[in-house]
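As structure tokens, the structure follows; a few thoughts come after it.
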Number of protein chains: 2
Amino acid sequence: MLTRTLTSSFRRQFSSSSIAYNRALVYSRNGSPSEVLSAITYPDLPPPPPNTVNIRFILSAINPADINTIEGVYPSKPTLTSNINSTGPGSDEQPVFVAGNEGLAQIDQIGDGVEGFKQNDWVVMDKSQVGTWSTCRNVSAKDVIRLPLKDSDGLTAPHGATMTVNPTTAFNMLREFVDLKEGDWVVQNGANSAVGKLVIQIAKLRGLNTLNLVRARDNFAEFAKSLEDLGATKVLTYDDLKDKAVRGKIQEWTSGKPLLLALNCIGGDATTSMVKLLSNGAHLVSYGAMSKQPISLPTSLFIFKDLMTHGFWQTRWSKTHSREEKEELIGKLAGWMSRGQLQAPEHEIITLGKNETDEEVSQRVRGIFSDMAEGKYKKKVLLKLEDKA
Amino acid sequence: MLTRTLTSSFRRQFSSSSIAYNRALVYSRNGSPSEVLSAITYPDLPPPPPNTVNIRFILSAINPADINTIEGVYPSKPTLTSNINSTGPGSDEQPVFVAGNEGLAQIDQIGDGVEGFKQNDWVVMDKSQVGTWSTCRNVSAKDVIRLPLKDSDGLTAPHGATMTVNPTTAFNMLREFVDLKEGDWVVQNGANSAVGKLVIQIAKLRGLNTLNLVRARDNFAEFAKSLEDLGATKVLTYDDLKDKAVRGKIQEWTSGKPLLLALNCIGGDATTSMVKLLSNGAHLVSYGAMSKQPISLPTSLFIFKDLMTHGFWQTRWSKTHSREEKEELIGKLAGWMSRGQLQAPEHEIITLGKNETDEEVSQRVRGIFSDMAEGKYKKKVLLKLEDKA
């Protein structure tokens, strides 16, 4: 197999020239992560060139988009890394993609001309597809953002490792489309998704009310209670919306305040029925399509109710906003997290141990993705890649 | 029948008190125009109260939305007119709706405090549902806009009578969503609709290129030629879009310029396939739904291609823009029309003659709407209500 050959080629290359301590999960062709991902070992990074930093990953997140990226079906493409152990001119290594987009790292070494970082600072990625499923990387200083807080301030590593995708998405969707004031209402479907739960918490922190839509389930009251404990104002099922009387109930809850923002991660009927609750001049913002159904809306809502629809993609937001704006956002989120006002997602940390061989790690990682595809992981999976012994 | 009784009641009322010269098409309950419309006769208007003007209609348009309004299914509702012959306190007349939203009138008499109008000035309606299917009305001076040009300037009555709905829609859709510069491209479906043809002409006048989508038909080359003669840059059928190679052709035509604005009056597949041609960050603006199919779009277009969708409704634009903006727009359109740069729609003028009785006119008008529902009128119908003998 290509990936095995590749792995061997890497190991041979480095075993002759330096002692291999580090590990990365890489792929050289697109496909299912359970087939194309391999662990490789590489030596310690050389000192960072000017304007770059060497970072060591503390914890790295696996997000659904990572799977699409490896499959090659995600619009944000990683760049081939021809020389994982240096940013210098290419060697004769066979180039690979280092997987992983989100993660928490700490500053290890600082290149000339870099300001604003000191050793052991916690950082998160500003650039997409940095290759966070690795023990260490050399990156441009402008591609990472320093966290103003760390573990000693009450910020946990799982918080830090899951900060740049979902919490930023939730925060920005509540800010970028409608100028919401304290007491205003927002409606969302997929309210129990990772982002949905963050929307609930951030809305609550801002004094906003949330109307949360979820699938019907047996233990609904208990389930709704768990979202209310998180800060949800009201929870309804999609089926509830079929009852015309529920509109009156919603108007009562909102005291007739307009409903101007709907957040959508489902598509299909769960979106159409939500949009019908909206007031004139409202915005539908989509960030996911769990049902794999298109968004289907009567034209009259656009013409006569002035509905506007948008998508939100944090990757685009990041590319179109200044470093100051991003630092401010990260700082705000880190503050809430450190004070326990924003929960880290339920998660499971998988350690890829220093005593495992690359072959063993490759097998285990492929198994993890295979299980994940079968829905065996209900929690967010965080990878801890130990330095290799 | 209610409407017959009503008509008789009107005629009785006025026959005893004044001579009836004027006529209006009215209804007192919602339903098909071919069933609920009646002609009634009413006396000359009293002199206009302060801040109002008496206007006499020259020509009045029948638009598809008028039918929906009479049916009661249009969001813009007319107000009941309890006393068609005066704006003074109500009489004991049974209130009616006077039909008609668009039309060209001339100023007949001017009330105290009204500035900016003189007798015989041509005016168009600024307010919705003024009741233009009548010979004369008393209206607030702020509800009409003076045309800076008239027949002696080369502006025709059909131009004036069809100015405030379709040309304004076409003009505003090309201006309000994307800042288009000379040489930029716009794509539209239903390109041979009344608005579509105006989009073609106005785009041409602004130096914009149009990619026009229409249904396949036998005489396509000839048909495409007719749109090109109007100013269309390119014409394709919806079926053409199924051929992947057509994308390359379009890119060649546009020289790779981004396609940032799509205008939609169809819905369903004709919208989905059009939207797939758009560049990142584009806007889909809907103003009609001829297919009666919803707008159905993959969520990925919103998230990853930053697609934004809106509706356009001239009635809303009118309510949210200043008198100065409206006068400027009307002035610009009238100028183009008077110079023959913007064609009046193909039309048929139906005269409701002075020697016909109300019963005869009622029957004829109902027949017209009945024929219209069967698609017997291919042209825009303009009503000329003669003063009754």
Side-chain angles (χ1 to χ4, degrees), chain A residues 64-65 68-69 73-77 128 169 173 176-177 189-190 195 262-272 275-276 280-317 319-320, chain B residues 64-65 68-69 73-77 128 169 173 176-177 189-190 195 262-272 275-276 280-317 319-320:
Chain A
N68 304 137
T69 302
V73 298
Y74 199 68
S76 184
K77 309 280 183 199
S128 292
T169 296
M173 290 195 300
E176 298 282 309
F177 300 93
N189 60 24
V195 171
L263 306 178
N264 165 48
C265 64
I266 308 286
D269 289 343
T271 304
T272 310
V275 168
K276 289 182 177 167
N280 278 355
H283 297 257
L284 169 69
V285 179
S286 298
Y287 65 96
M290 287 190 204
S291 74
K292 298 194 170 140
Q293 298 298 307
I295 294 177
S296 182
L297 299 168
T299 312
S300 58
L301 294 181
F302 293 102
I303 302 178
F304 302 123
K305 289 192 71 182
D306 199 15
L307 172 69
M308 287 159 271
T309 67
H310 319 256
F312 184 81
W313 191 25
Q314 179 59 27
T315 300
R316 183 171 55 243
W317 187 93
K319 282 181 185 159
T320 53
Chain B
N68 304 137
T69 303
V73 297
Y74 199 67
S76 184
K77 309 279 183 201
S128 293
T169 296
M173 290 195 300
E176 298 282 309
F177 300 93
N189 61 23
V195 170
L263 306 179
N264 165 49
C265 65
I266 308 288
D269 288 344
T271 304
T272 310
V275 168
K276 289 181 176 166
N280 279 356
H283 297 257
L284 169 69
V285 179
S286 298
Y287 66 96
M290 288 190 201
S291 74
K292 298 193 172 145
Q293 297 298 307
I295 294 176
S296 182
L297 298 167
T299 312
S300 58
L301 294 180
F302 293 102
I303 301 177
F304 302 123
K305 290 194 71 184
D306 200 15
L307 171 69
M308 287 159 272
T309 68
H310 319 257
F312 184 81
W313 191 26
Q314 180 58 27
T315 300
R316 182 171 55 243
W317 187 92
K319 281 182 188 161
T320 53

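Everything numeric in this text was worked out from a predicted model, so none of it was measured.
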Taking every heavy atom of A:P298 against every heavy atom of B:P294, the minimum-distance pair comes out as N-CB, 4.2 Å

One should read off an interatomic distance between B:L297 CG and A:L297 CG, to the nearest 0.5 angstrom, of 8.5 Å

Is the gap between the ring centers of B:F302 and A:F312 under 6.0 Å? no

Rounded to the nearest 0.5 angstrom, the OG1-NE2 distance for A:T309 and B:H310 is 7.5 Å

When rounded to the nearest 0.5 Å, the distance separating CZ of B:F177 from CE of A:M308 is 9.0 Å

Side chains of A:T299 and B:S286: does their closest heavy-atom pair fall under 4.5 Å?
yes

Under 4.5 Å to a heavy atom of chain A? For B:I295 that would be both

- Query: Are A:R316 and B:D306 close enough that some pair of their side-chain heavy atoms sits under 4.5 Å apart?
  - Reply: yes

CD1 (B:I303) and CG (A:N264) are apart, to the nearest 0.5 Å, by 8.0 Å

CH2 of B:W313 to OG of A:S300, rounded to nearest 0.5 Å, is 11.0 Å

Whatever's closer than 4.5 Å to a heavy atom in chain A on B:P75 counts as side chain

